[in-house]
Amino acid sequence: MRRRSVSLLGLAGLLALPLTVLPQAQAADGVVSTGKTVTASSVETSAFGAGLAVDGNTATRWASLEGVDPQWIRVDLGANHAISRVKLNWEDAYGKTYRIQTSADGSNWTDVYSTTAGDGATDDLAVSGSGRYVRMYGTGRGTAYGYSLWEFEVYGAPSGGGGGGGTAVPFGSHLKPYTAGMLKPSGSQAAIDQKVVDYYNRWKSAFVRQNCGNGWYQIISPDADHPYVAEAQGYGMVVTATMAGADPDAKKIFDGLVKWKIDHPSSVNPNLLAAEQDTACRSVNGGDGATDGDMDVAYGLLLADKQWGSAGTYNYKDLALKHIAAIKKDELNPTTKLLKLGDWSSSGDQYYWISRTSDWMVDHFRAFRTASGDTTWDAVRTAHQTQISRLQSTYASGTGLLPDFVVDTNTTPKPAPGQVLEDPNDGAYWWNACRTPWRIADDAVTSGDATSLAAARKLNSWIKTKTGGDPNKIAIGYKLNGTQISSGSEAAFFAPFAVAAMTDSGSQAWLDALWNKMLATPIDTSSYFSASIQLQVMITVSGNHWVP
């Protein structure tokens with residue numbers, strides 16, 4: 001889109017529930033956890049994976065990292081269940097202080113048992129609760145080692161309902177781990193995830209709307225040229241599909257955004273989304289499409305297909321494939337294999353050989369290739385990665401910064417010489433390119449691709465040195481040589497560098513500083529742009545971004 005220039009769970013108050021002998025009347029409930037999806041806060045080594053605690057084999061076990069509290073193991077029963085019994089078959093490394101908790105959505109937890117006097121061996125616990133998820137949450141080890149279970153058995157019966165809603169990758173499940181060696185902020189995973197949920201809830205309150213009726217949901221954009229822009233709707237679709245499991249309304253909101261997409265087709269290609277709408281929810285300025293919004297819409301639809309399947313109100317997979325094909329047809333330059341600015345640009349116009357670097361979403365290209373089976377997306381990914389590397393080495397060798405816009409893509413691509421679309425800083429690291437550290441590093445952390453890693457690390461090395469490790473010194477905009485354009489601090493500029501920091505093993509303190517800077521920055525309810533970028537950065541940094 002065209003831009004303007006401008007908890008950790010409390011450890012106190014544990015329930016004093018005694019260890020209870022299982023009543024005979026409850027013996028009829030069967031084990032419902034065997035073979036189900038299970039995740040854990042950590043594993044000691046790959047030989048002690050979480051799944052070994054629900055494999056029905058008492059000779060295999062899960063073991064957490066040694067000497068660290070808290071730790072947890074969680075089983076996803078797949079649907080809401082009435083839970084009557086939990087059986088913990090401890091190895092020598094047992095929990096002395098721990099809780100059994102249930103959850104409908106994988107985010108909000110209810111204690112159904114608690115003890116501060118666990119003694120190992122086998123704990124056979126009668127409980128009364130319900131939920132799709134059940135976890136053992138340990139806060140005090142019984143030994144100097146970790147927590148280790150031969151078997152974690154949950155007994156109960158399906159009861160229907162539940163906030164999980166069949167979500168395949170609930171937020172906080174970490175079912176899609178990053179490539180080895182990527183950093184995360186210091187602290188417990190549960191606390192980090194909760195900070196993201198807290199920020200998401202504030203973002204949702206500020207920007208998610210149901211205006212104009214018709215079953216629509218929209219992401220409002222008070223800082224854009226129009227109240228609704230495609231870029232914002234794309235952000236909303238990716239975010240809500242990712243936050244499923246933490247927000248029981250995620251699918252409802254997502255479907256309202258899908259209806260908005262369907263009811264506001266591009267005037268050029270009806271399988272794309274019209275870029276701008278007015279206060280009456282009518283498409284304006286020709287009703288054509290914008291590439292950045294369309295890229296995220298397609299990606300969001302692929303996430304939704306993986307999360308909820310495509311047999312409901314909307315066939316997400318079919319809509320995604322049509323959207324991907326439309327991007328290829330009308331928003332991709334067939335000669336250069338670089339993205340165009342929108343479906344409105346055609347051969348012979350002055351914008352045909354211009355591309356916007358913030359649209360270069362490498363992980364999206366990978367997802368499009370997987371979903372469509374079309375090898376064109378391999379060539380598209382390679383073309384964009386090649387230009388990222390070339391632009392860094394040729395025009396920003398000391399910084400790694402990319403320009404907002406690249407011109408002459410048909411000959412020798414180079415930064416815009418001045419204003420070519422939006423601003424005199426079109427050739428600088430400005431309000432579009434500020435997203436590129438996040439977009440590049442999203443691919444680096446999920447794929448481990450050497451080219452993406454190198455590009456992200458170059459950006460990280462420069463900004464960490466430039467600021468002396470102080471995120472408050474990250475300016476608003478830079479020339480490609482690193483000269484500051486404007487003073488001040490803006491989430492759209494400082495947050496994306498946190499994803500790049502994840503790729504460097506020597507940047508733990510720097511990553512922590514960036515994370516803490518984000519946590520300390522109040523959400524700007526006047527800027528969907530900065531708030532949406534920071535939220536998506538927090539999702540990645542917390543380990544919750546995944547590629548469908």
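Distance check: Asp363 CG to Ile440 CD1 gives 11.5 Å after rounding to the nearest 0.5 Å. Atoms CZ and OG, on Arg457 and Ser507 in that order, are 10.0 Å from each other to the nearest 0.5 Å. Taken from OG1 in Thr446 to OH in Tyr178, the straight-line distance is 7.5 Å, to the nearest 0.5 Å.
A salt bridge does not link Arg202 to Asp198: none of the charged side-chain nitrogens sits closer than 4.0 Å to a carboxylate oxygen. Ion pairing between a basic and an acidic side chain is recognised when a charged N comes within 4.0 Å of a carboxylate O; Asp404 and Arg356 show no such pairing. For the pair Arg369 and Asp378, the salt-bridge criterion is met [side-chain N within less than 4.0 Å of a carboxylate O]. Salt bridge annotation for Asp359-Lys340: absent, with no cationic side-chain nitrogen under 4.0 angstrom from a carboxylate oxygen. Using a 4.0 Å cut-off between charged nitrogen and carboxylate oxygen, Arg381 and Asp443 do not count as a salt-bridge pair. Note on Arg435 versus Glu231: salt bridge recorded, some NZ/NE/NH1/NH2 to OD/OE distance being below 4.0 Å.
Sparse packing is recorded around NZ of Lys322, with 12 or fewer heavy atoms of other residues, nucleotides or ligands lying under 6.0 Å away.
Among Trp216, Tyr228, Trp260, the single residue meeting the side-chain contact (heavy atoms from CB on, under 4.5 Å) criterion with Asn211 is Tyr228.
Here the side chain of Thr357 pairs a donor or acceptor atom with the backbone of Pro403 at under 3.5 angstrom. In this structure a side-chain-to-backbone donor-acceptor pair under 3.5 Å is missing from Ser452 to Gly448. Not one N or O on the side chain of Gln419 forms a donor-acceptor pair closer than 3.5 Å with the backbone of Ala416.
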- Message: Quick one, Lys329 with Asp343, criterion salt bridge (Lys or Arg N to Asp or Glu O under 4.0 Å). Give me CA distance, side-chain angles, the key distance, then yes/no.
- Response: CA-CA 9 Å; Lys329 178 178 181 293; Asp343 60 2; over 6 Å; no
- Task: In sequence, state the C-alpha distance, the side-chain angles, and the governing distance for Ser266 and Asp288, and then conclude on side chain to side chain donor-acceptor pair (under 3.5 Å).
- Result: CA-CA 5 Å; Ser266 167; Asp288 43 33; over 6 Å; no
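Between Phe254 and Trp308, the distance separating the two ring centers is shorter than 6.0 angstrom. Trp344 has its ring centre less than 6.0 Å from the ring centre of Tyr351.
Looking at Lys259 and Tyr217, their side chains never come closer than 4.5 Å, going by heavy atoms from C-beta outward. When side chains are defined from C-beta on, Lys184 does not count as touching Met502, because their heavy atoms never get closer than 4.5 Å.
Relative ring orientation between Phe365 and His384 is described as tilted, the plane-to-plane angle lying within the 30° to 60° band.
Residues Leu401 and Tyr478 share a closest heavy-atom pair of CD1-CB, 3.7 Å.
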